[in-house]
Amino acid sequence: MSSRILEVNDLVTRFHTQDGTVHAVNGVSFYLNEGDTLGIVGESGCGKSVTVLSILRLIPEPPAEVARGEALFDGQDLLRFSERELRKVRGGKIGLIFQDPMTSLNPVHTIGSQVSEVMREHLDISREQANRRVLELLDTVGIPDAAQRARDFPHQFSGGMRQRVMIAIALACNPRLLIADEPTTALDVTIQAQIIEQVKSLREQFGMTVIWITHDLGIVAGLANRVIVMYAGFVVEHAAVADLYADPRHPYTIGLLQSLPNLGEDEDERLVSIDGRPPDMLQEPSLCQFLPRCRYAIERCREELPILREVGDGHQVACWSDVRFEPQGQDL
Amino acid sequence: MLRIIVNRLLLAIPVLVGVTLLVFLILHSVPGDPVATFYGMDLAPGDDLEAMRNELGLDRPLSAQYLDFLWQAVQGDLGNSIKTRRPVLQDLSQGVVNTAQLAMASIFIAIVVGMSLGILAAYKAYSIWDNISLSVSLFGISLPVFWIGLLLIWLMSVKLALLPSGGKGDWRNLILPALTLSLASIAVISRVTRASLLEILNEDYIRTARSKGLSGLVIMLRHTLPNGIFPVITVVGLQFGYLLAGTVLVETVFSWPGLGRYLVDAIKFRDYPVVQGGVLIVAVVFVVINLLVDILYYALNPRLRTAERG
Ligand SMILES: Nc1ncnc2c1ncn2[C@@H]1O[C@H](COP(=O)(O)OP(=O)(O)O)[C@@H](O)[C@H]1O
Ligand SMILES: [Mg+2]
């Protein structure tokens, strides 16, 4: 039995804006055991980033408000931590990589100093030791000519190389958990594959637990062992990765899977797309948020909010309707 | 780097010519001339105003007078004062030194206090500290210089007898005029600093810095300030110009023997060479300050620096 690293329960985060309250995260729960790679999947704006950023209090408060929930990291609730305690966790025990490598590094500092900085903050090491370890790290994440490149500035790096630098920063203090928030979304396809391979090999090497956020179910298949699917601030389905692909139980997940291009087919030619648009999240949700777009809705869907229920071993879905997905092959 | 400097200096030439020409034309279109204003006071019968004008070269065509002035100025000679008959450079040198002292002290105060207030306001945005900083700025920007000057004299010199009310002596004489002169700039610099820092705080790399577990202060000083400094540098350069203009008033209120006061006197007496020389000096200082601003920009921005290397 592997041990629990992170357990998030009933997380609620809202943004108080001029247009009203944005209900970005509405009672999200998930967990990670040692060695897990959890995929968080959902279309843009569904609250994936806000979920993980809330845990570490990296969202701007105000306008954000982490209204409810707990985030047990090694048994301690991060949401009750003081800023000082949280700082020890950020970059020390939990490393983060973000979506846009072009803007995630500070333009006025050298790459080397941006990597060594995080070690000087968390590890008790001298400047020289830190500098030496910077070179090791840059080498480890696949940046050639590290000694030379450590003295360069971000604008002298390509997007892919900058993301490798971000990975080096995230891994510098040997974190127990790596949170990768769409780290390849902004990169082109070949670079994307390289970065994914890099993270996979580092995961083995460092024995890390990983949260990998993406809007692309295709990426998650080869990377994660479990997946949560999010829609409009809710977890709508949670399953082992194989179960999710073989037996998706939420209409939204089914829609996502249907819209994946088959192998060998043209990337741009999405087969089916889900009709309609996601809600604007300005109303406090009282019914399933997917209802207006759902082809499988039943009477009960118009009466009460679905809760996550067990439909198989470690497989949960938040849907009243008992949908099964029959792969339809050619006639799609 | 060198290219930038040369470039700037070449650009400065039309600026300096333009400024001196403008001042020259304004001076000569104002009624009255030096001969009328102070030779005119104690004219002996038989004295010939025209002869005096002729002696001073004032009867020649304006274009010839201006070109003469330019030609001599290029050679480092600003001519002689009509009033004192001494070389203008010699007459103005003490004033230049005094004004430089006043302006330097003021811009120093403005930068230190203004940036500190701006950083504080951004660091504690939307808090009571932010409001305090805003109040100081509003105060500094909305009150006229001469009024603040008089108020400070009344408070610090008359009531509390802490500081001298004017004149030139040791460093204590400098405090009140420098402070008075710096108030408006403090306001502007603090506002620009705050706005610029708040904008930078929204950048992705600030989130990265926070995700490294750095303290708020380190994030502000090491990650935010170096990126947000550029608009501040620009505005400091501009403020230096306003500040030089403001010296005229402040020097009058505090009887500070600076260039501004000499110039006001010289204008009253239509002492053409002194006015033109003084304005030229101020313009040159302005150009140099702008050049320094550009160099600073260049030195602080790795994108520009490395572009030259590679
Ligand atoms: N600073 C903010 N102010 C207001 N709303 C925000 C802010 N940041 C995010 N949101 C809202 O929260 C919701 C979730 O955003 P996010 O978690 O970034 O989505 P994603 O799943 O693409 O990562 C979105 O509807 C977004 O509009
Ligand atoms: Mg996101």
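Labels below follow one simple rule: chain letters A, B, ... track the order of the sequence lines, proteins then strands, and each chain is numbered from 1.
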Honestly, the part of A:R84 sitting under 4.5 Å from a heavy atom of chain B is neither

What part of A:L86 is in contact with chain B, defined as an atom under 4.5 angstrom from a non-hydrogen atom: side chain, backbone, both or neither?
neither

Less than 4.5 Å apart, side chain to side chain, heavy atoms only: is that true for B:S211 and A:L56?
no

Atom pair [atom1] ([X]) and [atom2] ([Y]), whose distance is rounded to the nearest 0.5 Å:
X	Y	atom1	atom2	value
A:S49	B:R207	OG	CZ	7.0 Å
B:D204	A:L105	CG	CG	10.0 Å
A:H155	B:N301	NE2	CG	8.0 Å

Dump the intermediate steps for side chain to side chain contact (heavy atoms under 4.5 Å, CB included) on A:R87 and B:R210, then the final yes or no.
CA-CA 8 Å; A:R87 278 178 44 209; B:R210 302 220 299 133; over 6 Å; no

When you look at [atom1] of [X], are more than 12 heavy atoms from neighbouring residues, nucleotides or ligands closer to it than 6.0 Å?
X	atom1	result
A:D124	CG	no
B:R8	CZ	no
A:E85	CD	yes

Minimum heavy-atom separation for A:P107 to B:P302, with atom names?
O-CG, 3.2 Å

How far apart are the closest heavy atoms of A:E121 and B:G213, and which atoms are they?
OE2-O, 3.5 Å

In sequence, state the C-alpha distance, the side-chain angles, and the governing distance for A:M166 and B:T208, and then conclude on side chain to side chain contact (heavy atoms under 4.5 Å, CB included).
CA-CA 9 Å; A:M166 284 297 292; B:T208 303; 3.7 Å; yes

Quick one: do B:Y205 and A:T103 satisfy side chain to side chain contact (heavy atoms under 4.5 Å, CB included)? Show the steps, please.
CA-CA 6 Å; B:Y205 54 78; A:T103 54; 5.7 Å; no

Please step through side chain to side chain donor-acceptor pair (under 3.5 Å) for the pair B:H223 and A:E117, ending with a clear verdict.
CA-CA 11 Å; B:H223 288 272; A:E117 179 176 43; 2.7 Å; yes

Answer yes or no: is there a donor N or O on one side and an acceptor on the other, between the side chain of B:K212 and the main chain of A:Q114, under 3.5 Å?
yes

